[in-house]
Amino acid sequence: MRMPFTPILSLLTFSVSVADGVPWWNESLSHRVPVRVVAAKETEKDFPVQVTLDFGALAGGKAFDPASVRVVEVDPATGSFLRVAPSVFLPSEASQGTPVRSGWVPPYLPHAAPTARASSESPQMPVGNVTDTWILFKPTLWEPSAPLPPWIVSLDFGKPVWINSLWTHYPGHPSTQHCPLRAEFQVATQSADGVSDGAWEKVGDWDRDNTRISGQYRAVWFAPRKVQCARLVIHESSGVPWIDDFRALAPVHDPEKSGVGSVNWIAEGATTNDKPRLFFVYFRTKDAKGVPPPPAVARVGIIREGEASVYSLHGIGFGSGPLTDADASGTDKANILSCPKWTMSHAALIACFPVTLPANGKWCLHLRVRGNLKEHPITVFLDNHPFFNGTFTTEGSDWTIISLPPRDIPLGVHYLEMYLVDTQNQQLDLDYALLTNDEKFLPRSYLRVESGNVEVKP
């Protein structure tokens with residue numbers, strides 16, 4: 001299926017000449033930020049808008065009230081009130097680094113690293129090898145000595161620490177032995193032995209190999225939580241399992257104090273490339289009082305720019321990286337994810353994103369891609385489980401919108417992985433991914449979204 005759209009998250013700010021003359025919409029909301037939206041190319045109708053803001057910084061370091069966020073549209077020429085746009089605030093899911101692309105910032109101080117434990121271990125490959133190491137240097141393997149599952153490797157932080165994702169890596173090719181086929185990620189707020197004692201809660205799992213690329217990390221993302229221990233429980237493996245990396249990542253932003261996140265709403269009606277639309281994002285600090293209940297949000301779109309993909313592959317020979325393209329959404333710097341052309345037919349563009357869905361229901365995935373004039377296999381995983389498997393056809397040098405059938409997804413934090421295969425003779429590019437619960441929405445190109453300077457109520 002062919003389709004089109006996306007809003008771009010711009011780091012640029014702008015001045016709104018009419019802003020000083022725009023009456024304050026609600027006297028109980030102390031701050032507002034103007035947001036200007038314009039279609040980059042074709043007219044877009046009923047499009048999702050997403051803007052990322054640091055509300056703590058905008059409020060001068062004070063804590064803000066997430067329930068107070070409101071979006072109001074005004075006439076860009078006169079500043080007169082037009083409508084309230086139902087919106088949702090979604091906290092940032094960012095982790096402090098990923099295992100390969102950026103430096104790993106663990107959720108503990110260097111002198112307080114976790115204790116690595118296991119239900120059993122071979123003397124040649126003890127569990128201490130698998131933490132705080134780079135898999136390029138061998139041996140960094142844990143192999144259990146017990147012949148039968150479950151096999152358990154765990155991290156004990158000694159005290160509760162904030163984490164929001166867990167990562168593990170199997171060093172070999174999926175066709176070889178020692179490959180974990182079925183496993184769970186679990187966490188516990190307390191544990192006497194750090195391995196088995198305690199009330200363990202599952203935060204993620206996988207139940208088959210799914211022909212993962214050699215070097216691909218398994219990861220699970222969840223809402224930030226304080227835990228003392230995290231463990232990987234392997235229930236099935238092709239032979240005795242090997243693990244050469246198991247780590248927890250801390251959230252970038254303080255879960256108790258941060259105000260960094262995205263505001264998402266649907267701009268009703270048409271938007272063209274010659275008539276910008278003007279919105280104000282209102283909010284208040286927690287010490288303010290009195291705000292009406294938020295309007296219900298029936299439709300929403302969640303956008304992930306290709307260049308923001310989490311780098312989860314430590315592969316040999318190929319990989320995806322960010323590039324700049326004037327015809328793509330995003331900033332004026334790197335704004336696409338690209339896999340170079342290869343002679344190997346199995347080379348793939350791999351894009352991975354944490355994403356928070358604010359509601360249960362059916363969600364549609366739209367991708368803006370560009371590549372060879374041929375059919376490309378595409379595989380999508382959600383939380384390490386198959387979400388979609390099929391093919392798509394691009395339009396060569398032109399961008400193509402591919403739209404996948406709607407699927408039921410529960411609300412909450414998820415980990416989305418996409419594998420777009422076959423880059424022979426031409427690179428394969430991803431501009432953005434968009435998840436929306438509006439089954440009738442048909443994106444065409446993308447939007448330019450710019451936020452202005454914060455205003456404080458006089």
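Within the 3.5 Å criterion, the main-chain N or O of Cys364 finds no donor-acceptor partner in the side chain of Thr436. Between the Ser30 side chain and the Arg284 main chain, no donor and acceptor come within less than 3.5 Å of each other. Using modelled atom types, one side-chain atom of Asn360 and one backbone atom of Leu411 make a donor-acceptor pair closer than 3.5 Å. At least one donor-acceptor pair under 3.5 Å links the side chain of Ser68 to the backbone N or O of Asp65. With hydrogens and angles disregarded, a donor-acceptor distance shorter than 3.5 Å links the side chain of Trp206 to the backbone of Pro180. Using a distance-only test at 3.5 Å, with no hydrogens or angles considered, no donor-acceptor pair links the side chain of Arg182 to the main chain of Glu236. Side-chain atoms of Ser262 never come within 3.5 Å of backbone atoms of Val51 as a donor-acceptor pair (strictly under, hydrogens ignored). Judged by distance alone, the side chain of Trp221 and the main-chain N or O of Glu93 form a donor-acceptor pair under 3.5 Å. A donor-acceptor contact shorter than 3.5 Å links the side chain of Asn437 to the backbone of Val300. With Thr379 contributing its side chain and Tyr419 its backbone, the two residues share no donor-acceptor pair below 3.5 Å.
Between Asn26 and Ser28, the side chains place a donor N or O and an acceptor N or O closer than 3.5 Å (distance only, hydrogens not considered). Side-chain contact check for Asn264 and Gln50: at least one donor-acceptor pair (N or O, by modelled atom type) lies under 3.5 Å. Asp205 and His385 form a side-chain donor-acceptor contact under 3.5 Å, judged by distance and modelled atom types alone. Defined by atom type and a distance below 3.5 Å, a donor-acceptor pair is missing between the side-chain atoms of Asn335 and Glu305. Donor-acceptor pairing under 3.5 Å is lacking for the side chains of Ser122 and Ser145. Residues Glu455 and Asn453 have side chains that never bring a donor and an acceptor to within less than 3.5 angstrom of each other.
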Self-check item: Candidate pair Asp438 and Ile266, rule side chain to side chain contact (heavy atoms under 4.5 Å, CB included), full reasoning
Solution: CA-CA 10 Å; Asp438 183 356; Ile266 301 293; 5.6 Å; no
Self-check item: Test log, rule side chain to side chain contact (heavy atoms under 4.5 Å, CB included), inputs Val71 and Val263
Solution: CA-CA 9 Å; Val71 175; Val263 182; 3.8 Å; yes
Self-check item: Test side chain to side chain contact (heavy atoms under 4.5 Å, CB included) applied to Leu430 and Ile336, step by step
Solution: CA-CA 6 Å; Leu430 172 68; Ile336 64 172; over 6 Å; no
Quiz item: Hey, mind stepping through Lys62 and His31 against side chain to side chain contact (heavy atoms under 4.5 Å, CB included) and telling me if it holds?
Solution: CA-CA 12 Å; Lys62 294 183 178 179; His31 295 70; over 6 Å; no
Exercise. Dump the intermediate steps for salt bridge (charged side-chain N to carboxylate O under 4.0 Å, His left out) on Lys457 and Glu27, then the final yes or no.
Key: CA-CA 8 Å; Lys457 183 178 175 297; Glu27 294 296 317; 2.9 Å; yes
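With rounding to the nearest 0.5 Å, the separation of CD1 in Ile303 from NE2 in His366 is 11.0 Å. Going from atom CZ of Arg70 over to atom CG of Leu29 covers 7.0 Å, rounded to the nearest 0.5 Å. Of the inter-residue distances, the one linking Ile302 atom CD1 with His414 atom NE2 reads 11.0 Å to the nearest 0.5 angstrom. For the atom pair Glu201 CD and Phe222 CZ, the distance stands at 9.5 Å (nearest 0.5 Å).
A salt bridge between Glu268 and Arg299 is present, with a side-chain N of the basic residue lying under 4.0 Å from a carboxylate O of the acidic one. Using a 4.0 Å cut-off between charged nitrogen and carboxylate oxygen, Asp431 and Arg370 do not count as a salt-bridge pair.
Closest approach of Ser191 and Trp200 over heavy atoms only: OG-CZ2, 3.9 Å.
Here the side chains of Phe381 and Asp383 are not in contact, with every heavy-atom distance at 4.5 Å or above. Here the side chains of Pro354 and Val310 are in contact, with some heavy-atom distance below 4.5 Å.
Classified by interplanar angle (parallel below 30°, tilted 30° to 60°, perpendicular above 60°), the ring pair His169/Tyr217 is tilted.
A ring-ring contact (aromatic ring centres under 6.0 Å, His included) with Trp25 is found for one member of Tyr282, Phe279, Phe280 and no other, namely Tyr282.
Sorted by first and then second residue, the salt bridge (Lys or Arg N to Asp or Glu O under 4.0 Å) pairs with a member in residues 183-199 form an empty list; sequence neighbours excluded.
Note: Trp167 and Phe246 fail the aromatic proximity criterion, with ring centroids not under 6.0 Å apart. In this structure, Phe55 has its ring center closer than 6.0 angstrom to the ring center of Phe89.
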